[in-house]
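This one's a predicted model, so the numbers in the text were calculated from it and none came from an experiment.
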Amino acid sequence: MDYQFKEIEQKWQKHWAENQTFKADSKSDKPKYYVLDMFPYPSGAGLHVGHPLGYIASDVFSRYKRLKGFNVLHPMGYDSFGLPAEQYAIQTGQHPAVTTKANIDTYRRQLDQIGFSFDWSKEVRTSDAEYYKWTQWIFMRLFNSWYNLETDKAEDISTLIEKFNASGSAGIRAVCDEDTQSFLPSDWANFTSEEKQAELLKYRLTYLKESTVNWCPALGTVLANDEVIGGFSERGGYPVEQKKMMQWSMRITAYADRLLRGLDTIDWPEPIKEMQRNWIGKSVGASVKFKIERPKTEDGSLMIENHHSEDKTSDIGHQALDYIEVFTTRVDTIFGVSYLVLAPEHEWVAELTTDEQRPAIENYIAQTKKKSELDRMADTKTVSGAFTGSYVINPANNERLPLWIADYVLAGYGTGAVMGVPSGDQRDFAFATHFNLPIIQVSDAQKNLDQQADPTKEGKYINSGFINGLNYKEAVAKLNNWLEEEGIGKAKVNYRMRDAIFGRQRYWGEPIPVYFKDGLPYLIQEEELPLVLPEIDKYLPTETGEPPLGRAENWKYHGKYEYELSTMPGWAGSSWYWYRYMDAQNHKEFVSKEAVNYWKDVDLYIGGSEHATGHLLYSRFWNKFLKDLGLVQEEEPFKKLINQGMIQGRSNFVYRLVDEEGKATNTFVSAGLRNEYKTITLHVDVNIVENDVLNVDKFKAWRDEYANAEFILENGKYICGVEVEKMSKSKYNVVNPDVLIAQYGADTFRMYEMFLGPLEQSKPWNTNGIEGVFKFLRKFWRLFHNDAWEFSVVDAEPSKAELKALHKIIKKVQDDVERFSFNTSVSSFMIAVNELTDLKCKNRSILQDLVIVLSPYAPHICEELWSLLGNAAGTLSYAAYPVFNAAYLVEDEFAYPISINGKMKMNLNLALTLDEQQVREAVLSNTQIQGYLEDKEPKKIIFVKGKIVNIVV
RNA sequence: GCUCAGAUGGUGGAACUGGUAGACACGCAGGACUUAAAAUCCUGUGCCCUCAACAGGCGUGCGGGUUCGAUUCCCGCUCUGAGUACCA
């Protein structure tokens, strides 16, 4: 029978499903291997050809690892909470659970027909209560934990309470809010229960706090920093503004350093690690307090006196009005400070502005506000700022320094205040030059200070008081000691990363298992989990502006306490899902100890690089937290990460002729001739174009208006224009895998996706070569059949040539798969099949081994041939990968390329046993080579055994 | 601006540690089979010169360098893509 892919593929997909062929047991003598794909968000559009690329690669790898004797866990599931389903619900009134389920069904059908070896018994859906119960449970663990810097890990909140009981707040080294109180054990004992709760909240790893958030009015929710790109929402591209709100946050900053250090221990692509490093943004430096010289009124009395004495924030307020604290990475240049700058949004600007300067300052703030976030970031050239009228004192030399505001200082980083050192920092230099502030040289190695700043750390310090003559290292050490002793600062590490906002004012997400009593948050009881998402009438905020959950009727804890109305963000469910896969059916724990002890971590994780600073960072954070609590084994969740490239769309165009008046006609010009006419360019559905040739009949049928279209052809064909763009519906360049699978089968589709090029490289989708892959599989099938398409193999001793072809491919595939070079394997399979076809190989043992080697790529056809070869049905997946024997590849002769002065001239067959002297003689006595040499005396002969002979004349 | 990745025939790409550049496939051209077409099979196919063969010249973004020998290593530049953006 000819190669009938449809029957074969259906048959084996059914067999694998019915026999649970890929079910992975958590108990096995085999070594474990965990291959994970980034699970998809099931969108309404279904899968396009770009989605399965990574899944195919990971499936090839999983199947290969099984053949190599590993117990492989290769699961799949759905990240099924999220905005699109909710937006759709708002538009149509359909419950997101309903549309999500329908989308999942489509995804499942599409995934199934590609023949993946997923263990579906371990499927997870983040929107299932059985799943999000454990997401809520982990939230509760975070709420009940604090970060102890003493032990450098998270601990149960009870250990903090013990410390408070024993010694009060003294000696506590924790990652916490800035406004924690100092108290004695006796104070703690006298605190009311509410006061205790309020204080503990400042230490919890997930906490409620008034903070400036990214508010997206169009989406009606706050967004995390990684969900905002250049001032616009990542999803939908809506404007985002800053707003103060009471918000749940995750104290990811507690893990900043561990997240940074961990990067050195994992095998991830360097760009991703670099992005995480930048995101964490560690800077080592010092904080320094500059005393404020109060602006004085004309009669000499202090203008600002004991401000805000009745203000709630009086503690901060008082300190603030004594000092301005700056963070600097160059404390060694402190003697070069000639001014101080605050961010325009800095909360004390108004109070530190003198009456005289008030108009200028207010004008400047108004100007800055007008500039959008984007303008402000884009325009880094223009120098701007305004003088407050106040002065501060440089603690190093008691110099009086003017206090400015400028928008090059960001409120959100460090303390929102900067010391200006024009000689050492280019921005400060530009500022000082523009406003005529002094530029003070601080090192004898600084050059060209009339032109630009010189940030050198070389040389000895000058003009720098007590650090004069010291080098960089000595100066920093001395200054840091001095700051500490004087109590005006200290060595400090600053991170760019902020705590992660954890609440979303949306419906379709995990409810936060918290209720409020007297304005304070409390966890619900663990036995009450899951806190199920309540039904609501419509998926919009309430009239009073509360999140959609505010619509739920009678939704109160124990009938009387308000629940938290925000839901968790999209990344909650995906920050631990790889553990749930290990033990997906467990009703008692999020994962059993046995399962974690066996599977430990993910050995190979394949997914897109767009999750670099979102999912991949949050997952590492939760993983470290779970490790601190002893719930999991490994410090890092994903040992090796591969980013598959993006599949871009390849759009096709037709050129519609335009008449004299500029009106569109019904005539279309082939791409090569379009310059001779006046035309307009239109997208055409790529599914009616083959190899850039338009199927004109299908084009006429595509739309009514084209029914009578006429064509100006070249060589009898209509050639379409081509451009690479994002794959999207509106560009008519979306290719659905279903179509290709129906036409060529899953095995061809899998191999073609791999054949396209290196996995990590982005590339446009192009079906031009798929015929070649299909022809290859047919040729492979024919190896096992005679001319009448009858199955026919022979039992005989394989020939040397057959063994050589086989062992070449055994080695090649093994090498390629281990280094994730899947495209090169496909070419090599073609070579192997071409060679065996030429050899007219019908040898059973050779072909059987070839079936095993090819099976990770084309599992259906191989499973069919495996059973035709007489093996038990469906056992191929656990066959043993053939053992490579180098002896079969040994050659006794090699066609040496002979080059003269590095230019290849000819090949010469020589025995590989010959040594350098013998080769030299053979080469020089060859008449053809003598002809090339033209009697010139060879100066030198380079000989590399088995590689090359190079004659230098 | 900074960081990273990349640039090889008409196309996708191969060449793994410096050793025959262009494997494999697509496309194209020619041929076989066919009444014809499709499918299939065979042959050719980097560019230039040449009727053609032989021979030759040029060729891995550009310009240099190291080397017997460079797509591979080093220096400088151009372009493309991605990330990031006044982070003190």
**Request:** Round to the nearest Å and state the distance from Phe774(A) atom CZ to C26(B) atom P.
**Result:** 13 Å
**Item:** P-based separation of G27(B) from G64(B) [nearest Å]
**Value:** 40 Å
**Message:** Please give the distance between the P atoms of U40(B) and U50(B) as a whole number of Å.
**Reply:** 38 Å
**Item:** Test item: side-chain donor near acceptor, Ser283(A) and Tyr413(A), under 3.5 Å
**Value:** yes
**Message:** Taking any heavy-atom pair under 4.0 Å as a contact, classify Met904(A): base, sugar-phosphate, or nothing.
**Reply:** base
**Request:** Round to a whole Å and report the spacing from CD1 of Ile948(A) to P of U20(B).
**Result:** 6 Å
With the criterion being N/O to N/O and under 3.5 Å, what pairs connect the protein with nucleotides 13-18 of chain B, and how long is each?
from	atom 1	to	atom 2	distance (Å)
G13(B)	OP1	Gln761(A)	NE2	3.3
G13(B)	O3'	Asn823(A)	ND2	3.4
A14(B)	OP1	Asn823(A)	ND2	2.9
C16(B)	N4	Lys812(A)	NZ	3.1

**Request:** Scan every strand shown for a Watson-Crick or G-U wobble partner of A29(B), both distances under 3.5 Å, and answer none if you come up empty.
**Result:** U43(B)
**Message:** Rounding to an integer number of Å, can you tell me how far Lys775(A) NZ sits from C41(B) C1'?
**Reply:** 10 Å
Report each atom pair, protein N/O against N/O of nucleotides 45-47 of chain B, whose distance is under 3.5 angstrom.
none

**Prompt:** Would you say the side-chain atoms of Tyr495(A) and Asp257(A) include a donor-acceptor pair closer than 3.5 Å?
**Reply:** yes
**Asked** Under 4.0 angstrom, heavy atoms only, what part of the nucleic acid is Ile831(A) near: base, sugar-phosphate, or nothing?
**Response** sugar-phosphate
**Message:** Within the 4.0 Å heavy-atom criterion, would you say Arg778(A) contacts the bases, only the backbone, or no part of the nucleic acid?
**Reply:** sugar-phosphate
**Message:** Please verify the inter-ring angle class for Tyr896(A) with Phe894(A); under 30° counts as parallel, over 60° as perpendicular, anything in between as tilted.
**Reply:** perpendicular
**Message:** Classify Asn907(A) by what it touches in the nucleic acid, base, sugar-phosphate, or nothing, heavy-atom distance under 4.0 Å.
**Reply:** base
**Request:** Please answer whether the main-chain N or O of Val421(A) pairs with a side-chain N or O of Asp428(A) as donor and acceptor at a distance below 3.5 Å.
**Result:** yes
**Item:** Base-pairing assignment for A7(B) (Watson-Crick or G-U wobble, both under 3.5 Å)
**Value:** U78(B)
**Request:** Specify the separation, in whole Å, of atom NZ of Lys840(A) and atom C1' of C41(B).
**Result:** 13 Å
**Asked** Using the P atom in both, what is the distance from A55(B) to U66(B), to the nearest Å?
**Response** 33 Å
**Prompt:** Are any side-chain N or O atoms of Gln276(A) and backbone N or O atoms of Ala612(A), one a donor and one an acceptor, separated by less than 3.5 Å?
**Reply:** yes
**Request:** Look at the side-chain N and O atoms of Arg496(A) and state whether any lies under 4.0 Å from the OP1 or OP2 oxygen of A85(B).
**Result:** yes
**Request:** Could you check how far CG of Leu403(A) sits from P of A88(B), rounded to whole Å?
**Result:** 20 Å
**Message:** Which is it for G31(B), anti or syn, if anything within 90° of zero counts as syn?
**Reply:** anti
**Asked** Given the P atoms of A15(B) and C28(B), what is the spacing between them in whole Å?
**Response** 27 Å
**Request:** Find the partner of G83(B): check Watson-Crick (N1-N3 plus N6-O4 or O6-N4) and G-U wobble (N1-O2, O6-N3) distances, both under 3.5 Å, and reply none if neither fits.
**Result:** C2(B)
**Request:** Could you please name the partner base of U35(B), counting Watson-Crick and G-U wobble pairs only when both distances are under 3.5 Å?
**Result:** none
**Prompt:** Which part of the nucleic acid, if any, lies within contact of Val952(A), taking any heavy atom under 4.0 Å across all strands shown: a base, the sugar-phosphate backbone alone, or nothing?
**Reply:** sugar-phosphate
**Message:** Test your reading of the model: is there a side-chain donor-acceptor pair from Arg750(A) to the backbone of Tyr857(A), 3.5 Å cut-off?
**Reply:** yes
**Asked** Nearest to the side chain of Glu274(A) - A88(B), A25(B), U3(B)?
**Response** U3(B)
**Distance-only side-chain donor-acceptor flag, Asn834(A) / Lys779(A), under 3.5 Å** = yes
**Request:** Calculate the interatomic distance between Ile405(A) atom CD1 and A88(B) atom P; express it in whole Å.
**Result:** 22 Å
**Asn950(A) (side chain) and C68(B) (base): donor-acceptor pair under 3.5 Å** = yes
**Message:** Can a donor-acceptor pair be found, under 3.5 Å and without considering hydrogens, that links the side chain of Arg496(A) to the backbone of Lys282(A)?
**Reply:** no
**Prompt:** When you measure from the side chain of Asp499(A) to the backbone N and O of Thr253(A), does any donor-acceptor pair fall under 3.5 Å?
**Reply:** yes
**Message:** From CZ of Phe776(A) over to P of C26(B), roughly how many Å is that when rounded to an integer?
**Reply:** 12 Å
**Message:** Determine whether a donor-acceptor pair (N or O, by modelled atom type, separation under 3.5 Å) exists between the side chain of Gln446(A) and the backbone of Ser423(A).
**Reply:** yes
**Asked** Going by atom types only, do Asp816(A) and Thr824(A) share a side-chain donor-acceptor pair under 3.5 Å?
**Response** yes
**Message:** Whole angstroms only, please: what is the CH2-P distance between Trp279(A) and U3(B)?
**Reply:** 20 Å
**Message:** Base, sugar-phosphate or nothing for Lys939(A)? Non-hydrogen atoms, less than 4.0 Å.
**Reply:** nothing
**Prompt:** If you find the nucleotide of RNA chain B closest to Ser899(A) and the one closest to Ile942(A), which residue's nucleotide is nearer the 5' end?
**Reply:** Ser899(A)
**Under 4.0 angstrom between Ser283(A) side-chain N/O and A88(B) OP1 or OP2** = yes
